[in-house]
Protein chains: 2
Amino acid sequence: MDKNIDKVRHSLSHLMAMAVLNKFPKAKLAIGPVIENGFYYDFDLGEDKITELDLLKLEKEIKKLISLNLEFKKSIVNDKQEALEKVNGEFKKELINKFPKNEKISFYESGNFTDLCSGPHVKSTKEINKDAFKLTKTAGAYWRGDEKNKMLTRIYGIAFQTKKELDEYLTMLLEAEKRDHRKLGKELDLFTFSPLVGKGLPLWTAKGTTIRRELENFIVNEEVKRGYQHVNTPDIAKIELYEKSGHYPYYKNSMYAPIKIDDEQFMLRPMACPHHFELYNSKPRSYKELPFRIAELAKLYRYEQSGELTGLMRVRSFCLADSHIICADSSQAKSEINNVLNLIEFVASTFGLTMGQDYLYRLSLGDKKDTKKYFENDKAWTEAEKILRDVLKKRKCKFIEAPGEAAFYGTKIDFQMKHVLGKEETAFTVQYDFVMPERFNLVYVDNQGKEKKTVVIHRSSIGAIERVIAFLIEHYAGAFPLWLSPLQVKILSVGTTHQKYCEKLEAKFKENNIRVETDLNNETVGNKIRKAVNEKIPYLLVIGDKEMNSNDLAVRVRGQEKILDIKLDKFIDLIDKLIKDKSLNLK
Amino acid sequence: MDKNIDKVRHSLSHLMAMAVLNKFPKAKLAIGPVIENGFYYDFDLGEDKITELDLLKLEKEIKKLISLNLEFKKSIVNDKQEALEKVNGEFKKELINKFPKNEKISFYESGNFTDLCSGPHVKSTKEINKDAFKLTKTAGAYWRGDEKNKMLTRIYGIAFQTKKELDEYLTMLLEAEKRDHRKLGKELDLFTFSPLVGKGLPLWTAKGTTIRRELENFIVNEEVKRGYQHVNTPDIAKIELYEKSGHYPYYKNSMYAPIKIDDEQFMLRPMACPHHFELYNSKPRSYKELPFRIAELAKLYRYEQSGELTGLMRVRSFCLADSHIICADSSQAKSEINNVLNLIEFVASTFGLTMGQDYLYRLSLGDKKDTKKYFENDKAWTEAEKILRDVLKKRKCKFIEAPGEAAFYGTKIDFQMKHVLGKEETAFTVQYDFVMPERFNLVYVDNQGKEKKTVVIHRSSIGAIERVIAFLIEHYAGAFPLWLSPLQVKILSVGTTHQKYCEKLEAKFKENNIRVETDLNNETVGNKIRKAVNEKIPYLLVIGDKEMNSNDLAVRVRGQEKILDIKLDKFIDLIDKLIKDKSLNLK
């Protein structure tokens, strides 16, 4: 079944090439592979441009080709010269020239069109459901993905076995598009980018910064309450620090280049752990101080490839709610890991995330045989694996195991977030580390006065602020819970006579630390409401004569039909309580 | 008078060389200049080391020389060769060799000792008050200040006209030393440095970070209340951004070197203004949005020379409470500057700082003739000066004027902080800028639909968090007001039977968001109190039988003799109120 849909998609890419050549006879073909849920084909259209309307026409043309019940005939050519004569344009020729000598070169023929293709294809277009595919979009794409090459036109299509599957997928796409944090981030004025500042470096507006601040305060307060020591360490350090930690060779490719001044080289930090270890080592430590839970909202820098950057999901600088828990021994570490998972699940539940549905744990294991990728210490790897697995099992939570996904210094538990499109991504991790205590000589004096080596847990509780906000924007579709909403109340004046009272009301909310804005513009109330609804503001107050002459408010609650009639003081109490409770729902 | 004390100091440096040569006959002399309040002399002592005791002996020896009523005779030598023969060691010879040809080379002779010296000296040691000088300390110093050269021994001395002046200065030094933020920072465990992280890059402990967090929350909340939009922008940007702003040529020397990756160069930002302007320019702006007050706790990077670095006062990375207020015109700017001074004085008074005594304003003016240092626009400079002077005059506050101290883009008001030693330093500034609006095309649409140019105010409200903490540590001598104290309450158990109750109490304080710690160690109560007093903790609770069996507390209040007898609930209410009021005094 799965295999067959791949054949269908491959065949549709073949038919798309036929359709494009019918419409643009001078087009040169590049490649046309199958991808997740569909297929694409790259064309060099010369001077021609492709429009939305063209897509519909091409779709129609493909449907016509399907109705012709064309057969796909495979043929093998052994001679490169013969193969070169059968193909259209320089790109296919380049592909053939790159084939190893004596390679069997396969072609598929249908109707009067033959294409270089390794297949497989369906036997006949009869096997393709013409109501279950769609051409979705076009994009520019460099030949062989190299920006030094020619820019080609890529046409994307999606295809399923049934129309129902297609419709469901389209609905999901539409929903994902509506929730896309890049789109909502712009519409809700949360963040922006500047070409002069650089790619992957978001500039947060006051509204976006309010969300950040609420999240940061939430996590710092919660962690301090749970015995973490929140510190503040520099975002740069001398290269020697990362050479000592071993990050430099392992992470070099994703680190920014060194800053060379005088005789020194400074690095933008990709990790905060070496900084925290230096702080721990700044004086002798006793067993009474352990577990020593150092935490920081740590700004980190990783130079992601330009093509990898996606809104706030993948950026070149981010703020990680980071921590390194320095433990006396593996038994203390085990108990701390359990505490960390308690914290993580508390944070997730505050956001209204459910295990299984919105996130899950993944146990990422090392590979003792791969001593190049992983630190060599068989006994320690075995122990670390056992501890993490034990903790997860004892909690009776579902988790998957992933061999070969560990950090170079130890086994880890990944917090896997599920996106709107159903894809899973590692949001952050909890790691068991027996390597850094050696490298940094992280020791303590035990109750007998003896020096002992520690064990370190690396962990986040919420991940990178940027990524969690991207995720939450999509999860809430921009309608944040009250405590996170950049604006909590908007006051809309009906006429000019109501302006003064609106301002008085605004002051009253501000006194109570409620984030409020007033729209005094000379527009219709309908217009003002429409704008405020688009801003996804939790509570709207329309202020006319009736409201001005009493303490009664008629409150429009986001997402509710019914108007809430309530006294001003009661309303302020209500908001206060919902904020304090970090309530997920409005009332 | 002033001139005469310089002669005395010069002569003492000469006598010190004599005394050192008496004690260390093989010593080679380097240089011995006069400095503020005293003098020093650099020696190459070979294998010999100098001790505290030696300093006393040298002092005695100098006193003996003074009693001999030695005369200082000046002589001039015109011939380098002759001069070379008169001096001791390679350093003096190097100095002579560097003199221009035909330079008159001056020597001073006293007793049997002749020294190369430009003088002036007193005529006779009779003019030196032997009770009004003191040798204070020794330090290592490279010959000619270059670390590639030999390390010499520098001996410092201070000297005044009268013993009274000396005693007063010594008392002040002692007080300054006790309050030195570097010393207190270590004793109170607020911050540390790591050679692997780098010079001038402090690592803040949990206690220091608590002070930072309180200050940051205070300033952000206060600014948001006053209509600022707190944003968050990247600490790095492409070099082109600073070329556009003009910072790159002007500030190049104090910027970190570029980070070169792919075809781009990134810079650690020395200023946040270009970032804020990019945010402002991310969409069209209307007159309704002005004044547009963008604020940020902005991390900035300036590569100070290694010799300039001093604890937290001068660092290589700091967090500035920064803001750029984009105004419609100069009249709006004037009113905003007045608001800024209101905010600054509110913040200063919250810290208990008094204008005149602890800080003052300085109006720093440009120089229209110096078009290399200052942007050329005579009319704009005149207007800016007038506006700032007007605001200061109207507030009837004392200020001094400082020509040639402006920023390259405009006139500024400096907030001058006075240190414990009486020295004045610019803590932060309020600047009037008519240059950046041109460079960044900062415009808005007025109520007629026309595009207009803006005026920008650059300002801080509290300065750099690092520097203000350094200043406050010294101002409070480490005894922070309750709201800023890293720990607010410490509970000390008398015996093991009281431990459980102490823990219960601790939980009660924590519930009420009071920063508390409990000392359950098996030591004497006296010992525990002594330690807690050194930590400068506001309130100490000793818990014995009496306290355990009632709700009464016997509270030791920092800096007070009397014990405060109070019920637990009342005590919590009291603390709560003092924190909320940001009270400067304990009760």
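Since this is a predicted model, take the numbers as computed values, not measurements. So you know, we letter chains A, B, ... as the sequences are listed, proteins then strands, and number each from 1.
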Residue selection (most heavy-atom pairs with chain B, distance under 4.5 Å) from A:Tyr228, A:Tyr303, A:Phe193: A:Tyr303

Stepwise salt bridge (charged side-chain N to carboxylate O under 4.0 Å, His left out) test for A:Arg302 and A:Glu308: CA-CA 12 Å; A:Arg302 301 200 188 149; A:Glu308 297 284 312; over 6 Å; no

Winner by heavy-atom pair count (cut-off under 4.5 Å) against chain A, out of B:Thr233, B:Val197, B:Asn281: B:Val197

Contact winner vs chain B - A:Gly198, A:Ala206, A:Ser306, A:Pro202, heavy-atom pairs under 4.5 Å: A:Ala206

Crowding at CD, B:Gln305 (>12 non-hydrogen neighbours, <6.0 Å): no

A:Lys288 side chain to B:Asn521 side chain, donor-acceptor N/O pair below 3.5 angstrom: yes

Heavy atoms from other residues, nucleotides or ligands near NZ of B:Lys244 exceed 12 (cutoff 6.0 Å): yes

Pick from B:Gln229, B:Lys510, B:Arg212, B:His275 with the largest number of heavy-atom pairs that fall under 4.5 Å of chain A: B:Arg212

Chain B contact via A:Thr192 - which portion, at a heavy-atom distance below 4.5 Å: side chain

Residue, of B:Pro195, B:Gly208, B:Ala257, that accumulates the most heavy atom pairs under 4.5 Å with chain A: B:Ala257

Heavy-atom proximity to chain B below 4.5 Å, by part of A:Pro274: neither

Heavy-atom neighbours of A:Lys183 NZ exceed 12 at 6.0 Å: yes

Among the listed options B:Lys299, B:Glu264, B:Lys225, B:Arg269, the residue most often paired with chain A at heavy-atom distances under 4.5 Å: B:Lys299

Option in A:Ser282, A:Ser317, A:Pro258, A:Ala295 with maximal non-hydrogen atom pairs under 4.5 Å from chain B: A:Ser282

Which of B:Trp204, B:Phe266, B:Tyr301, B:Tyr256 touches chain A most, by non-hydrogen pairs under 4.5 Å: B:Trp204

Interface moiety of A:Asn221 toward chain B, non-hydrogen atoms closer than 4.5 Å: neither

B:Tyr242-B:Tyr248 aromatic ring centre distance below 6.0 Å: no

Six-ring centre of B:Phe318, B:Arg467 cation under 6.0 angstrom, axis tolerance 45°: no

Portion of A:Lys207 that has a non-hydrogen atom of chain B nearer than 4.5 angstrom: neither

Donor-acceptor pair, side chain of A:Glu466 and main chain of A:Val315, under 3.5 angstrom: no

Spacing of B:Asn522 atom CG and B:Gln499 atom CD [to the nearest 0.5 Å]: 8.0 Å

Top contributor to chain B interface from A:Met267, A:Arg213, A:Arg316 [non-hydrogen pairs under 4.5 Å]: A:Arg213

When A:Ile259, A:Thr210, A:Val220, A:Asp189 are compared by non-hydrogen pairs under 4.5 Å with chain B, the top option: A:Ile259

Residue among B:Leu279, B:Asn232, B:Leu241 with most heavy-atom pairs under 4.5 Å to chain A: B:Asn232

Beyond-backbone contact of B:Phe191 with B:Thr205, side-chain heavy atoms, under 4.5 angstrom: no

Under 4.5 Å from a heavy atom of chain A, the part of B:Ile236 involved: both

